[in-house]
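Letters A, B, ... are given to chains in the order of the sequence lines, protein chains preceding strands, and every chain is numbered from 1. Quantities reported herein were computed from a predicted structural model and do not represent experimental measurements. Basis for what follows: all heavy atoms, side chains included, without hydrogens, waters or symmetry-related copies.
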There are 2 protein chains.
Amino acid sequence: MKFVLDTSIFVNPEIRGRFGKSPSEAMREFLRYAEKLFGKVEFYMPPGIYREVMHFVDDESLRPHIELYIVKKPPNVHEIKIPAFVVYELIDDIRRRTDKGLRVAESAVRESVIETDNVDKIIQKLRRNYRKALREGIVDSKEDFELILLAMELDATIVSADVGILTWAQKMGIKWVDASTFRDVLEGLVEKLTGSDPSKRSQVE
Amino acid sequence: MKFVLDTSIFVNPEIRGRFGKSPSEAMREFLRYAEKLFGKVEFYMPPGIYREVMHFVDDESLRPHIELYIVKKPPNVHEIKIPAFVVYELIDDIRRRTDKGLRVAESAVRESVIETDNVDKIIQKLRRNYRKALREGIVDSKEDFELILLAMELDATIVSADVGILTWAQKMGIKWVDASTFRDVLEGLVEKLTGSDPSKRSQVE
């Protein structure tokens, strides 16, 4: 059994809360499960996602366990192939978003002519709306795309809370678990797959 | 031998000039070549491109010849697969373009606060620069992508003058001819492939 892990599990505050108060605490808690499932369940991260997560997890004592229980692997982008209709829909989606981005920009310009004193506020709003138009709910980074490709390659389950990633996973026939339910899944797997003594001490401190 | 034809051959004024003064004249001239090459060379258009071209070619007398000499065929988007690295690069390219689009929008807002009388001019400039940032040199429409997919499927040669299309064709190992040289190619093919009597009368009037 294989899982490919997204940053949201450890970084997104709403999701992370299920595991711990900080990214480091969430990672520590996750590693306790990974330790128990060692040899039975494999956890992967592509390099871009790993870098992002490690940017937030700043506890040196966790490093050896992370290296042991999370396999770092890039997808083989020169071997994997994507169904054309997925790319077709992506191009169409981006085109519509691009058009919307221009409308957002135009209305910001028109607004700023009237409210010349509020330029900073208008720019903030522009950034918010532009981001919403162009980036929300779409796979918009190499890091996200690597996650999908790695899951394809390994026939693994994606664990993410990102709408864009989950949408693509579903289009491409990839198994997925919503990150918000991941702790329950791990709990269940430990129960089903291991006969481990709950009093046995973890090495992840 | 198979060619997949882009709109630029008949619509783009610089390219079209090699065939005729108007889209209809260019089409008529192209069809004279297609007639001579009938049975030896096949010419294809995906549906989106065909619709675009027919929007400009408004000569009813050409219709039967177009139907005979240009095969309309959509690509089979559910069978064809795209190498992952091409999509990977596309996603990265779009991300950089999206960021640039926001910078273009922000500078338009800052400009409009200073020059409140020139809002129309600023919006025109915004549109120009935004288009340049987001759309130039990229496959940004379903129509363009269909062209690439159809050429892949048929192992045909793409004929286009669009930088985005030609760039993708090259990444994906697709044969291509720059539309600006297409007339010379046709001329050469007629010479090489047919022993046709040059005095023989064409049915394309």
Side-chain angles (χ1 to χ4, degrees), chain A residues 75-95 97-99 101-120 122-127 129-131 133-135 138-146 148-150 152-153, chain B residues 75-95 97-99 101-102 104-120 122-127 129-131 133-135 138-146 148-150 152-153 168:
Chain A
N76 188 338
V77 293
H78 292 277
E79 288 288 330
I80 308 168
K81 303 221 166 187
I82 310 290
F85 82 90
V86 176
V87 185
Y88 189 83
E89 287 180 10
L90 174 71
I91 287 173
D92 197 36
D93 189 19
I94 288 164
R95 174 62 173 273
R97 286 167 181 270
T98 300
D99 291 346
L102 180 58
R103 289 199 299 276
V104 165
E106 286 182 14
S107 79
V109 167
R110 293 196 191 282
E111 207 174 331
S112 63
V113 174
I114 300 160
E115 302 192 50
T116 48
D117 294 338
N118 274 330
V119 63
D120 290 336
I122 291 168
I123 290 215
Q124 269 169 32
K125 195 172 120 192
L126 163 67
R127 285 181 188 162
N129 290 341
Y130 185 83
R131 197 191 139 79
L134 269 290
R135 300 193 45 200
I138 193 172
V139 172
D140 77 329
S141 71
K142 287 200 292 184
E143 289 74 18
D144 290 0
F145 190 54
E146 279 186 342
I148 290 166
L149 294 177
L150 188 57
M152 270 186 95
E153 182 181 331
Chain B
N76 188 340
V77 293
H78 292 277
E79 288 288 331
I80 309 168
K81 304 222 163 186
I82 310 290
F85 83 90
V86 176
V87 185
Y88 190 84
E89 287 179 10
L90 175 70
I91 287 174
D92 196 38
D93 189 18
I94 288 164
R95 174 64 173 271
R97 285 167 181 270
T98 300
D99 291 346
L102 181 58
V104 165
E106 287 182 14
S107 79
V109 167
R110 293 196 191 281
E111 206 174 332
S112 63
V113 175
I114 299 159
E115 301 192 51
T116 49
D117 294 339
N118 274 331
V119 63
D120 289 337
I122 290 168
I123 291 218
Q124 271 170 33
K125 196 173 119 192
L126 163 67
R127 285 181 188 161
N129 290 341
Y130 185 83
R131 201 192 135 79
L134 270 291
R135 300 191 46 198
I138 193 172
V139 172
D140 76 329
S141 72
K142 287 199 293 184
E143 289 74 18
D144 290 359
F145 190 54
E146 279 186 342
I148 290 166
L149 293 177
L150 189 57
M152 268 186 96
E153 182 180 332
W168 262 51

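- Residue contact with chain B, scored on non-hydrogen atoms closer than 4.5 Å, is absent for A/Val86.
- One distance of note links CG of A/Asn76 with CZ of B/Phe85; it measures 11.5 Å at 0.5 Å rounding.
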task: Could you walk me through whether A/Asp140 and B/Thr98 pass the side chain to side chain contact (heavy atoms under 4.5 Å, CB included) test, one step at a time?
output: CA-CA 10 Å; A/Asp140 77 329; B/Thr98 300; over 6 Å; no
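- Heavy atoms closer than 4.5 Å to chain B are found in both the backbone and the side chain of A/Ile82.
- Ranked by non-hydrogen atom pairs under 4.5 Å with chain B, the options A/Ala108, A/Ala105, A/Ser112 are led by A/Ser112.
- Contacts of A/Ile114 with chain B are absent, with no heavy-atom separation under 4.5 Å from either backbone or side chain.
- In terms of heavy-atom pairs under 4.5 angstrom with chain B, the leader among A/Glu89, A/Arg127, A/Glu111 is A/Arg127.
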- request: Mind running side chain to side chain contact (heavy atoms under 4.5 Å, CB included) on B/Leu126 and A/Leu102 for me, showing each step along the way?
  value: CA-CA 8 Å; B/Leu126 163 67; A/Leu102 180 58; 4.1 Å; yes
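- Of the atoms belonging to B/Ile123, it is side-chain heavy atoms, and not backbone ones, that fall under 4.5 Å from chain A.
- Heavy atoms closer than 4.5 Å to chain B are found in the side chain of A/Arg135, but not in its backbone.
- The contact between B/Leu149 and chain A is made entirely by side chain atoms (from C-beta outward), counting heavy-atom distances below 4.5 Å.
- Between chain B and the options A/Arg95, A/Lys81, A/Glu79, heavy-atom pairs under 4.5 Å are most frequent for A/Arg95.
- Contact of A/Tyr88 with chain B is made through backbone and side chain together, with heavy-atom distances under 4.5 Å.
- With a 4.5 angstrom heavy-atom cutoff, A/Ile122 touches chain B only via side-chain atoms.
- Of all heavy-atom pairs between A/Ile91 and B/Lys142, the closest is CG2-N, 4.1 Å.
- Residue B/Ile94 touches chain A through its side chain alone, counting heavy-atom pairs closer than 4.5 Å.
- Using a 4.5 Å cut-off between heavy atoms, A/Asp120 touches chain B through its side chain atoms alone.
- When each of A/Val139, A/Val113, A/Asp144 is checked for heavy-atom pairs under 4.5 Å with chain B, A/Val113 comes out on top.
- With a 4.5 Å cut-off on non-hydrogen atoms, B/Ile138 does not touch chain A at all.
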